[in-house]
Asks: 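This structure is in structure tokens; I'll ask about it shortly.
Chain A is the first sequence line, chain B the second, and so forth, proteins listed ahead of strands; every chain is numbered from 1.
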Amino acid sequence: MAVQIPVIVVFGPTAVGKTDFLLHFEKSCEIINLDSLQVYRHMSVGTAKPGSDITSRIPHHLIDCVDPDCEFSAGDFVTAADRLCREIHARGKTPVISGGTGFFLKNFIYGLPKAPPSVESIRTELQSRLEREGLPAMRALLEQVDNVSWRRIAVGDSYRIMRALEVYYSSGRPLSDFQLPDTRRSEYRFFLIGLIRDRAELYSRINDRVDMMFRNGLVEEYKKLRAMGYSPDAPGLGAIGYKEFSLMESLGSMTLSDVRELIKQNSRNYAKRQITYFKALDDVLWIHPDSFDLIIDKLAEFV
RNA sequence: GCCGCUGUAGCUCAGUCGGUAGAGCAAUUGACUGAAAAUCAAUGUGUCAUCAGUUCGAUUCUGAUCGGUGGCA
């Protein structure tokens, strides 16, 4: 068997302090971004991208690599991260995957499911059917073509109902036919570090950081994206920190201060979901971001 | 100062023709099959402003007090 590439993974909820923590890896590592929205160009303030002061000290990958109107899926991430891990390892350095998108991480650790990727044309067609006929009709359709998924997916979960239908219509097979990988991929050795803080402390950091984003020109960044021609439907503009401005545009009754509070709220809710997702991962070393010293020995042993 | 409206969950508010109350949001917990900063699911919470009166029984009716708010001065 070929040698396993050692991979360090640093994850945690938004605003927990990942970027500062990564400076500890300065000497012999390169960072692979695990954030589904930091991949987008022209979106820096709202996604809390590391600045050039950081990226000049440690090489960062998968940042600023696609335009805001392009999709970047879990599959795209795994493919790109695989290539980068090999390259970084060949350079004699250790890849450090870091970010907050748990779904991408799970797909990287266990491998992609065998189900086919999303097909744009089929999805848009199903989407327009959903708008015409409503969710209950789509669910009834799913009951016919994939009874197993129909029972598993919650009644109101439009996202998953649509995805299951999409798989059926693009492959001719029900989603539930495709097996889900349940063991870690053999080409890597993982060292999983989960960063965690007291909830109240995390929420207050989130609030402060949103205020900071406004001071750093979040409003201008959004306006610039719109002026460049990106619509609120673009995948990138669905991000927290941007979609709230789109809502203000369409509602008219919101003030900038409402937008700011909504971004804080959405970020807090998101952080909670991230924590829940990460807690379900096995074999994680959980530490406070200020406690790097506690893991120095274990890291040395790993690498 | 006078007249009116008002005080119910952390917030915004329903409601009880008198039998101690419920929505949304928040919060907490969870799910997650190539869109995931997405999409869902479950679960609490209350001196019904205070004091007195009527009543078998008052958060509900009456009075006073204390807040809030709008109008007239």
Asks: For atom P, what is the distance between B:rA58 and B:rG15, given to the nearest Å?
Replies: 23 Å

Asks: Heavy-atom nearest nucleotide on RNA chain B for A:Gly156 versus A:Asn107: which residue maps closer to 5'?
Replies: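 Looking at RNA chain B, the more 5' nearest nucleotide goes with A:Asn107.
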
Asks: Give a yes/no on whether any side-chain N or O of A:Lys106 is located under 4.0 angstrom from OP1 or OP2 of B:rG34.
Replies: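 Looking at the OP1 and OP2 atoms of B:rG34, neither is under 4.0 Å from any side-chain N or O of A:Lys106.
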
Asks: Any donor-acceptor pair under 3.5 Å linking the side-chain atoms of A:Ser267 with those of A:Arg209?
Replies: no

Asks: How many whole angstroms separate atom CZ of A:Phe278 from atom C1' of B:rA36?
Replies: 11 Å

Asks: Go through B:rG30, B:rA27, B:rU33 for me and flag the one nearest to the A:Pro113 side chain.
Replies: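 Given the options B:rG30, B:rA27, B:rU33, the side chain of A:Pro113 is closest to B:rU33.
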
Asks: I need the CZ-P distance between A:Arg152 and B:rC40, as an integer number of Å.
Replies: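 That distance rounds to 16 Å.
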
Asks: Count the heavy atoms belonging to other residues, nucleotides or ligands that lie under 6.0 Å from CD of A:Glu220, then report whether that count exceeds 12.
Replies: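 Result for CD/A:Glu220: enclosed.
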
Asks: Going by side-chain hydrogen bond (donor to acceptor under 3.5 Å, both in side chains), A:Asn207 matches just one of A:Gln265, A:Arg260, A:Arg268, A:Glu261. Which one?
Replies: A:Arg268

Asks: For A:Met228, does the CE atom sit with more than 12 other heavy atoms under 6.0 Å from it, leaving out its own atoms?
Replies: yes

Asks: List RNA chain B stems (3 or more consecutive Watson-Crick/G-U pairs, under 3.5 Å)?
Replies: B:1-7 with B:66-72, B:10-13 with B:22-25, B:27-31 with B:39-43, B:49-53 with B:61-65

Asks: Would you measure the distance from the P atom in B:rA21 across to the matching atom in B:rA38 and give it in whole Å?
Replies: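 Per the computed distance, 38 Å lies between those P atoms.
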
Asks: From the set B:rU33, B:rA41, B:rA27, return the single nucleotide nearest to any side-chain atom of A:Asn269.
Replies: B:rA27

Asks: Write down the distance between CG (A:Leu175) and P (B:rC32), rounded to a whole number of angstrom.
Replies: 13 Å

Asks: Mind checking whether A:Ile88 and A:Ile63 sit in one hydrophobic cluster, side chains of I, L, V, M, F, W, Y counted as touching below 4.5 Å?
Replies: no

Asks: Have a look at A:Phe77 and say if it touches a base, only the backbone sugar-phosphate, or nothing, with a 4.0 Å heavy-atom cut-off.
Replies: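 No contact at all - A:Phe77 keeps every heavy atom at 4.0 Å or more from the nucleic acid.
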
Asks: Which whole number of Å gives the distance between the P atom of B:rU12 and that of B:rG4?
Replies: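 Rounded to whole Å, the distance is 26 Å.
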
Asks: Measuring to OP1 and OP2 of B:rA38, would you say a side-chain N or O of A:Arg273 lies under 4.0 angstrom away?
Replies: yes

Asks: Return yes if some donor-acceptor pair links the side-chain N/O of A:Ser291 with the main-chain N/O of A:Ile287 below 3.5 Å, else return no.
Replies: no

Asks: Could you walk me through whether A:Asp82 and A:Arg185 pass the side chain to side chain contact (heavy atoms under 4.5 Å, CB included) check?
Replies: CA-CA 11 Å; A:Asp82 279 343; A:Arg185 290 203 291 163; 2.8 Å; yes

Asks: Using atom C1' of each nucleotide, how far apart are B:rU28 and B:rU8 to the nearest Å?
Replies: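 Here B:rU28 and B:rU8 have their C1' atoms 23 Å from each other.
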
Asks: With a 4.0 Å cutoff (strictly under), does any side-chain N or O of A:Thr101 reach OP1 or OP2 of B:rA36?
Replies: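 False: A:Thr101 side-chain N/O out of range (4.0 Å or more) of B:rA36 OP1/OP2.
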
Asks: Can you run down the ring pair (Phe, Tyr, Trp, His ring centres under 6.0 Å) pairs that involve residues 37-81 of chain A, sequence neighbours left out, and say none if there aren't any?
Replies: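 Sorted result for residues 37-81 of chain A: A:Phe77-A:Phe104.
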
Asks: At less than 4.0 Å, is any side-chain N or O atom of A:Lys272 found next to OP1 or OP2 of B:rU29? Yes or no.
Replies: yes

Asks: Could you tell me if A:Arg273 and A:Asn269 have a donor-acceptor pair between their side chains, going purely by distance under 3.5 Å?
Replies: no

Asks: Report the distance from atom CD1 of A:Ile109 to atom C1' of B:rU33, rounded to the nearest whole Å.
Replies: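 The answer, rounded to whole Å, is 16 Å.
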
Asks: Taking the P atom in each of B:rG7 and B:rC61, what is the distance between them to the nearest angstrom?
Replies: 10 Å

Asks: Is there a side chain to side chain contact (heavy atoms under 4.5 Å, CB included) between A:Asp146 and A:Val167 once you walk through the steps?
Replies: CA-CA 10 Å; A:Asp146 184 355; A:Val167 168; over 6 Å; no

Asks: Can a side chain N or O of A:Gln274 be found less than 4.0 Å away from OP1 or OP2 on B:rA36?
Replies: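 No, because none of the side-chain N or O atoms of A:Gln274 sits under 4.0 Å from OP1 or OP2 of B:rA36.
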
Asks: Which residue pairs satisfy the ring pair (Phe, Tyr, Trp, His ring centres under 6.0 Å) criterion with at least one member in residues 260-280 of chain A, sequence neighbours excluded?
Replies: A:Phe11-A:Phe278

Asks: Take the protein atom CG of A:Leu112 and the nucleotide atom P of B:rA36, then report the distance between them rounded to whole Å.
Replies: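 The answer, rounded to whole Å, is 13 Å.
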
Asks: Run the side-chain donor-acceptor check on residues 114-125 of chain A: report pairs under 3.5 Å with partners two or more places apart or on a different chain.
Replies:
{"unit_1": "A:Ser118", "atom_1": "OG", "unit_2": "A:Arg123", "atom_2": "NE", "d": "3.1"}
{"unit_1": "A:Ser118", "atom_1": "OG", "unit_2": "A:Arg123", "atom_2": "NH2", "d": "2.5"}
{"unit_1": "A:Ser118", "atom_1": "OG", "unit_2": "A:Glu166", "atom_2": "OE1", "d": "3.3"}
{"unit_1": "A:Ser118", "atom_1": "OG", "unit_2": "A:Glu166", "atom_2": "OE2", "d": "3.3"}
{"unit_1": "A:Arg123", "atom_1": "NE", "unit_2": "A:Glu166", "atom_2": "OE1", "d": "3.2"}
{"unit_1": "A:Arg123", "atom_1": "NH1", "unit_2": "A:Glu71", "atom_2": "OE2", "d": "3.2"}
{"unit_1": "A:Arg123", "atom_1": "NH2", "unit_2": "A:Glu71", "atom_2": "OE1", "d": "3.4"}
{"unit_1": "A:Thr124", "atom_1": "OG1", "unit_2": "A:Glu120", "atom_2": "O", "d": "3.0"}
{"unit_1": "A:Thr124", "atom_1": "OG1", "unit_2": "A:Ser121", "atom_2": "O", "d": "3.0"}

Asks: Please confirm whether the shortest side-chain N or O distance from A:Arg199 to OP1 or OP2 of B:rA27 is below 4.0 Å.
Replies: no

Asks: Suppose you measure atom C1' in B:rC13 against the same atom in B:rU50; what distance do you get, rounded to whole Å?
Replies: 22 Å

Asks: Roughly how many Å apart are B:rA23 and B:rU43, using the P atom of each and rounding to a whole number?
Replies: 12 Å

Asks: If I take atom CZ in residue A:Arg123 and atom P in nucleotide B:rG34, what distance separates them, rounded to the nearest angstrom?
Replies: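 From A:Arg123 CZ to B:rG34 P: 11 Å.
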
Asks: With nearest nucleotide decided by heavy atoms, which residue, A:Tyr203 or A:Gly100, maps closer to the 5′ end of RNA chain B?
Replies: A:Tyr203

Asks: Could you go through the salt bridge (charged side-chain N to carboxylate O under 4.0 Å, His left out) check for A:Arg41 and A:Asp64 one step at a time?
Replies: CA-CA 4 Å; A:Arg41 299 184 190 102; A:Asp64 291 332; over 6 Å; no

Asks: Using a 4.0 Å heavy-atom cut-off across all strands, classify A:Tyr40 as base, sugar-phosphate, or nothing.
Replies: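 Nothing: the residue A:Tyr40, judged by heavy atoms under 4.0 Å, touches no strand.
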
Asks: In whole angstrom, give the distance that lies between atom CZ of A:Phe104 and atom P of B:rA38.
Replies: 12 Å

Asks: Mind calculating the distance between CG (A:Leu135) and P (B:rC40) to the nearest angstrom?
Replies: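 Atom-to-atom, A:Leu135 to B:rC40, this comes out as 9 Å.
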
Asks: In residues 215-244 of chain A, which residues come under 4.0 Å of RNA chain B by heavy atom?
Replies: A:Gly238, A:Ala239, A:Ile240, A:Lys243

Asks: Counting only non-hydrogen atoms, which of residues 160-169 of chain A are less than 4.0 Å from RNA chain B?
Replies: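 Here the set is A:Arg160, A:Met162, A:Arg163.
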
Asks: Counting side-chain heavy atoms from CB outward, which of B:rC40, B:rG34, B:rA36 is closest to A:Ala115?
Replies: B:rG34

Asks: Verify the distance criterion only: is there a donor paired with an acceptor across the side chains of A:Thr47 and A:Tyr242 at less than 3.5 Å?
Replies: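 A:Thr47 vs A:Tyr242: no donor-acceptor pair found between side chains.
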
Asks: Given B:rG34, B:rU33, B:rA31, identify the nucleotide with an atom nearest to the side chain of A:Ser118.
Replies: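 Nucleotide nearest to A:Ser118's side chain: B:rG34.
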
